[in-house]
Structures are given as C-alpha cells and as structure tokens.
Amino acid sequence: MSQMVIARRYASALSNLAQKENSLEQVETELKDFSDTLHESVELQEGLSNNKVPMAVRNNILTDVLTSMNLSPLVSKFLRYLLSKRRLSLVHDIAQAFALLTQEAMGILPAEVTVAKEPRSKESKDLLEKLQEQLSASTGKTVQIHVSVDPSIIGGIVTRIGSMVIDGSIRNQLVQVRESIIRG
C-alpha cells in the first residue's frame with residue numbers, strides 16, 4: 001500500500017474525530033505546525049525515528065515537543081499514536097491530506113491556475129478574481145485559486161480543479177491546430 005494511501009486513511013480518521021469536536025481548523029493548524037517543526041529539525045527526526053533509540057526515550061522526546069508546542073489533546077494523542085505505530089514519518093503527508101479534507105468539509109474547492117507570466121497589473125488580477133467567481137458559481141462551492149507561473153504555456157490559462165483540467169493555453173491551441181493540419 002502506498003504511503004499516500006496510508007496517510008489519507010490516518011487523515012480521514014483524524015478528520016472524523018476533529019469534526020466531532022468542532023475543531024477542524026485548529027487541528028489542521030496544529031498538525032501543520034508539528035509537521036513543519038519536524039521537517040525543520042533533522043535531530044528531532046533522527047531522535048523520533050531511529051529504532052536504536054528506545055521507545056520510552058522517543059516517547060519522552062515527543063512529549064517534550066508536544067508540551068512546548070502546547071498542542072490540543074486530540075493532536076497530541078494522535079501524534080503519540082503515530083509514534084507507537086512507527087508512522088510519524090508520514091506526518092507531512094497526513095497534514096496535507098488533512099488540509100484537503102478540511103477544505104472539503106468547509107465547502108472550499110482548491111483550484112490550481114497556471115499562467116504564462118506573473119499577474120501584476122490590476123487587469124490581470126481582476127481577470128483572476130472573475131475566474132474565481134465563475135468557477136465558484138459553476139461548482140457550487142467556494143473556489144480558492146492558487147496561481148503558478150509557467151512561461152511554456154505561452155499565454156492563456158490552464159485551470160485544474162481536482163482531476164478536471166481546463167486548458168485554455170496558447171500552447172494547447174497550437175498543438176490542436178498542428179494535429180488538425182496533420183489529419184488533413
């Protein structure tokens with residue numbers, strides 16, 4: 001079973017518990033904070049994942065970190081559980097999956113929008129705002145746009161919402177024209 005599938009299962013279980021406690025956003029923030037802390041400290045990663053370090057010592061290290069971060073009982077218990085199951089290395093993937101589940105529960109749909117150059121002008125920003133409004137209207141959810149720049153698309157916009165891709169790039173249009181000419 002892939003690591004991402006396992007991470008999604010843990011994230012889903014934690015999401016269910018957090019929804020019962022009405023603490024989705026808090027848990028998302030705390031899980032991300034712990035993930036960032038773990039990612040930034042190679043010593044902490046080694047201390048918590050090294051099988052040569054006795055489990056009691058790893059528990060003490062984790063307890064010290066959890067106490068210093070002042071995490072909620074739910075997140076603390078969850079992280080202790082991950083340590084006991086030797087799955088703490090998945091915490092970054094779990095945090096990402098949990099963030100997606102939280103957005104879904106809140107009716108927020110993330111969309112990745114790729115443009116050819118950085119939108120700096122007011123006109124470009126207004127177009128992105130209008131796109132966001134239209135996507136929200138067509139999906140019935142609040143769409144949150146994340147803009148990335150890829151000069152290879154030449155111009156236009158490529159929008160990805162979940163598994164759906166809307167390719168309005170000039171590069172794509174040129175490819176279609178080329179294929180049309182080849183087919184005759």
Side-chain angles (χ1 to χ4, degrees), residues 2-12 14-16 18-19 21-42 45 69-72 75 89-184:
S2 82
Q3 300 289 19
M4 211 46 212
V5 171
I6 295 168
R8 278 191 222 114
R9 286 186 180 175
Y10 279 109
S12 179
L14 181 61
S15 178
N16 290 337
Q19 284 180 21
E21 291 186 1
N22 248 356
S23 61
L24 273 174
E25 292 179 64
Q26 177 187 358
V27 170
E28 178 185 5
T29 302
E30 290 181 2
L31 197 57
K32 184 184 180 322
D33 289 346
F34 180 82
S35 173
D36 292 346
T37 300
L38 186 63
H39 180 73
E40 292 168 3
S41 173
V42 176
Q45 290 175 32
M69 292 183 74
N70 198 26
L71 300 179
S72 66
V75 174
S89 63
L90 294 176
V91 76
H92 180 71
D93 293 334
I94 294 170
Q96 286 182 326
F98 189 88
L100 290 175
L101 290 171
T102 300
Q103 287 178 339
E104 184 179 311
M106 296 171 66
I108 298 172
L109 191 61
E112 183 65 39
V113 174
T114 306
V115 294
K117 62 181 184 177
E118 190 70 36
R120 293 185 184 148
S121 70
K122 181 171 175 18
E123 185 180 305
S124 296
K125 291 178 182 177
D126 288 345
L127 284 172
L128 287 174
E129 234 176 75
K130 189 171 185 172
L131 175 64
Q132 183 174 2
E133 291 170 7
Q134 289 175 344
L135 291 172
S136 293
S138 67
T139 60
K141 294 187 176 192
T142 303
V143 174
Q144 190 175 51
I145 289 181
H146 303 281
V147 179
S148 61
V149 177
D150 180 4
S152 73
I153 69 169
I154 304 169
I157 296 177
V158 178
T159 306
R160 179 185 306 271
I161 302 176
S163 62
M164 181 177 67
V165 177
I166 304 165
D167 192 342
S169 68
I170 292 177
R171 176 184 62 193
N172 185 50
Q173 291 172 13
L174 289 172
V175 167
Q176 290 177 356
V177 167
R178 179 177 171 257
E179 289 175 0
S180 171
I181 291 171
I182 291 172
R183 282 188 297 236

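In this chain, residues are counted from 1 in sequence order.
- The salt bridge (charged side-chain N to carboxylate O under 4.0 Å, His left out) search around Lys122 returns Asp126, not counting sequence neighbours.
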Validation: residues 171-184 side-chain donor-acceptor distances under 3.5 Å, sequence neighbours left out:
unit_1: Arg171; atom_1: NH1; unit_2: Ser152; atom_2: OG; d: 3.0
unit_1: Asn172; atom_1: ND2; unit_2: Asp167; atom_2: O; d: 3.3

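- Although no hydrogens or angles enter the test, the distance criterion places a donor-acceptor pair under 3.5 Å between the side chain of Ser138 and the main chain of Gln134.
- Here the closest non-hydrogen pair linking Lys117 and Val149 is CA-CG1, 3.8 Å.
- Taken to the nearest 0.5 Å, the CD atom of Glu112 stands 11.0 Å off from the CD1 atom of Ile161.
- Atom CD of Glu40 is separated from atom OG of Ser35 by 9.5 Å, given to the nearest 0.5 angstrom.
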Which donor-acceptor pairs under 3.5 Å do side chains of residues 94-104 form with protein atoms, sequence neighbours excluded?
unit_1: Gln96; atom_1: NE2; unit_2: His92; atom_2: NE2; d: 3.4
unit_1: Thr102; atom_1: OG1; unit_2: Phe98; atom_2: O; d: 2.9
unit_1: Gln103; atom_1: NE2; unit_2: Gln144; atom_2: OE1; d: 3.2

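- Between the NZ atom of Lys130 and the CG atom of Leu135 there is a distance of 12.5 Å, given to the nearest 0.5 Å.
- For the pair Gln132 (side chain) and Val143 (backbone), a donor-acceptor distance under 3.5 Å is present.
- The shortest heavy-atom contact between Ile153 and Thr114 is CD1-O, 3.5 Å.
- Considering all non-hydrogen atoms of both residues, Val158 and Ser169 come closest at CG2-CB, 3.8 Å.
- Here the CG-CG distance, from Leu71 to Asp33, works out to 7.5 Å after rounding to the nearest 0.5 Å.
- Residues satisfying the side-chain hydrogen bond (donor to acceptor under 3.5 Å, both in side chains) test with Gln19, not counting sequence neighbours, are Ser15.
- Under the salt bridge (charged side-chain N to carboxylate O under 4.0 Å, His left out) criterion, Asp150 pairs with no residue, sequence neighbours left out.
- Residues passing the salt bridge (charged side-chain N to carboxylate O under 4.0 Å, His left out) test with Lys32, sequence neighbours excluded: Asp36.
- Distance CG/Leu131 to CD1/Ile166: 8.0 Å, rounded to 0.5 Å.
- Considering CE of Met106 and NZ of Lys141, their distance stands at 12.5 Å, rounded to 0.5 Å.
- For Leu24 against Ala105, the heavy-atom pair with the smallest separation is CD1-CB, 3.7 Å.
- Residue-environment remark: CG (Asn16) exceeds the threshold of 12 foreign heavy atoms within 6.0 Å.
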